[in-house]
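Lettering follows sequence order; numbering is per chain, from 1.
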There are 2 protein chains.
Amino acid sequence: MLDATDKKILEELSKNARITMKELGEKVHLTGQAASSRVIKLEEEGIIEGYTIQLNERKIGYPVHSFINIYTKHIQHQPYLSFLGNQSEYIINNYKISGEGCYLLECKFPSNEVLDHFLTQLNKYVNYKLSIVINNK
Amino acid sequence: MLDATDKKILEELSKNARITMKELGEKVHLTGQAASSRVIKLEEEGIIEGYTIQLNERKIGYPVHSFINIYTKHIQHQPYLSFLGNQSEYIINNYKISGEGCYLLECKFPSNEVLDHFLTQLNKYVNYKLSIVINNK
DNA sequence: ACAACTCCTTTCACATTTCAAGGAAAATCC
DNA sequence: GGATTTTCCTTGAAATGTGAAAGGAGTTGT
């Protein structure tokens, strides 16, 4: 399904998704047009789901990165999920998991004070265990 | 530091990082040239760290997504970290955390069998608690 | 051997980007 | 307050990239 050229294309686009098709072509020994049509095919097949930017969250005011394990005994998760909907500024991902708790909530905050306030509200809906990210090496 | 136009630019690029500068300019009521120079500035300031693709990991052969809390009593983390270096095919992120354990390891695997084999090797270096991602809603 | 298919290249018209020059508005300085 | 500097934008023109069409080479099936 994916040949070596496709893999190289995905690798190059992962490193720089704004590369021109001409340059991408040079990297994989194709013309720009051939590279472009492979990329279009990868998009159509749903292998490439989108193009996005990597942001420095610290520099845009969200220096606190955390993972929160969510525990609840309630059958109804909807109140918790609705709460998240109202807090989307802080939410990166809410993974439904099997293992430690029901969900693993990945969030970002401007400060520990905001995190504290968030946790206070969160605790109305669920129990949790908090992990703060120190770095990512 | 960031005005409303910059924020809109970041938002649009998050949604589609391959948009042309001309189109981006239209969305923020600027010429392509003006949009482009703002983007260059955001890059130089380190706010935009890069451009990348969103991949469908399932379709490229990594349907199993997991988070693994890593626990160790050893002072030396190097053997564990070296092990990760050899397993980079499967590693998405290794967050150093304060909270549940020492690290939160985010990984992807082709199958439960490969995950099982990975865990067996991992257990030579550290203890762990496994969470499998069911979905992300 | 021929037809059908896939995947590539070439060509060319058109769109975008880049670079330079210049203008308007705001900020700074005296 | 008025002159100067700075910032941020626009315009225009040249360089570069893209997309569509036509066609060629290699592969597969009959």
Check for a donor-acceptor pair, side chain of B/Thr52 on one end and backbone N or O of A/Ser14 on the other, with a separation under 3.5 Å.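 Yes.
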
Exam field: side chain A/Arg18 to backbone B/Gly50, donor-acceptor pair closer than 3.5 Å: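 No, because the side chain of A/Arg18 does not come within donor-acceptor range (under 3.5 Å) of the backbone of B/Gly50.
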
Give a yes or no on whether A/Leu119 and A/Leu104 share a hydrophobic cluster (residues Ile, Leu, Val, Met, Phe, Trp, Tyr; joining criterion: side-chain heavy atoms under 4.5 Å apart).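 As far as the 4.5 Å side-chain criterion goes, A/Leu104 and A/Leu119 are not connected within one cluster.
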
Between B/Tyr125 and B/Ile70, is there a shared hydrophobic cluster once you connect ILVMFWY residues whose side-chain heavy atoms come closer than 4.5 Å?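 Hydrophobic grouping puts B/Tyr125 with B/Ile70.
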
Under 4.0 Å from any atom of DNA chain D, heavy atoms only: list the residues of residues 9-25 of chain B that qualify, in numerical order. none

Would you call B/Tyr80 and B/Leu122 a side-chain contact if the rule is heavy atoms closer than 4.5 Å? yes

Side-chain contact, heavy-atom cut-off 4.5 Å: A/Asp6 with A/Ile47? no

Please assess A/Glu12 against A/Lys8 for the test salt bridge (charged side-chain N to carboxylate O under 4.0 Å, His left out), listing each intermediate value before the final yes or no. CA-CA 6 Å; A/Glu12 291 299 332; A/Lys8 189 85 197 300; 3.8 Å; yes

Rounded off to whole Å, could you give me the CE-to-C1' distance for the A/Met1 and C/dT6 pair? 16 Å

Is A/Lys41 near enough to C/dT6 that one of its side-chain N or O atoms lies under 4.0 angstrom from OP1 or OP2? no

Regarding B/Tyr103 and B/His77, is there a side-chain donor-to-acceptor distance under 3.5 Å anywhere?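 Yes - a donor-acceptor pair under 3.5 Å links their side chains.
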
Which class fits the ring pair B/Phe83 and B/Phe118: parallel under 30°, tilted 30 to 60°, perpendicular over 60°? tilted

In terms of relative ring orientation, are B/Tyr95 and A/Phe67 parallel, tilted or perpendicular, with 30° and 60° separating the classes?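 Tilted, since the angle between the ring planes falls between 30° and 60°.
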
Please write out each protein N/O paired with an N/O of nucleotides 9-12 of chain D under 3.5 Å, distance rounded to 0.1 Å.
{"unit_1": "D/dC9", "atom_1": "OP1", "unit_2": "B/Arg38", "atom_2": "NE", "d": "2.9"}
{"unit_1": "D/dC9", "atom_1": "OP1", "unit_2": "B/Arg38", "atom_2": "NH2", "d": "2.6"}
{"unit_1": "D/dT10", "atom_1": "OP2", "unit_2": "B/Thr31", "atom_2": "N", "d": "3.1"}
{"unit_1": "D/dT10", "atom_1": "OP2", "unit_2": "B/Thr31", "atom_2": "OG1", "d": "2.6"}
{"unit_1": "D/dG12", "atom_1": "O6", "unit_2": "B/Gln33", "atom_2": "NE2", "d": "2.9"}

Can you give me the bend angle of the helix from C/dA1-D/dT30 to C/dC30-D/dG1? Use the axis through the first five pairs and the one through the last five, nearest 10 degrees.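 For the helix from C/dA1-D/dT30 to C/dC30-D/dG1, the axes at opposite ends meet at about 30°.
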
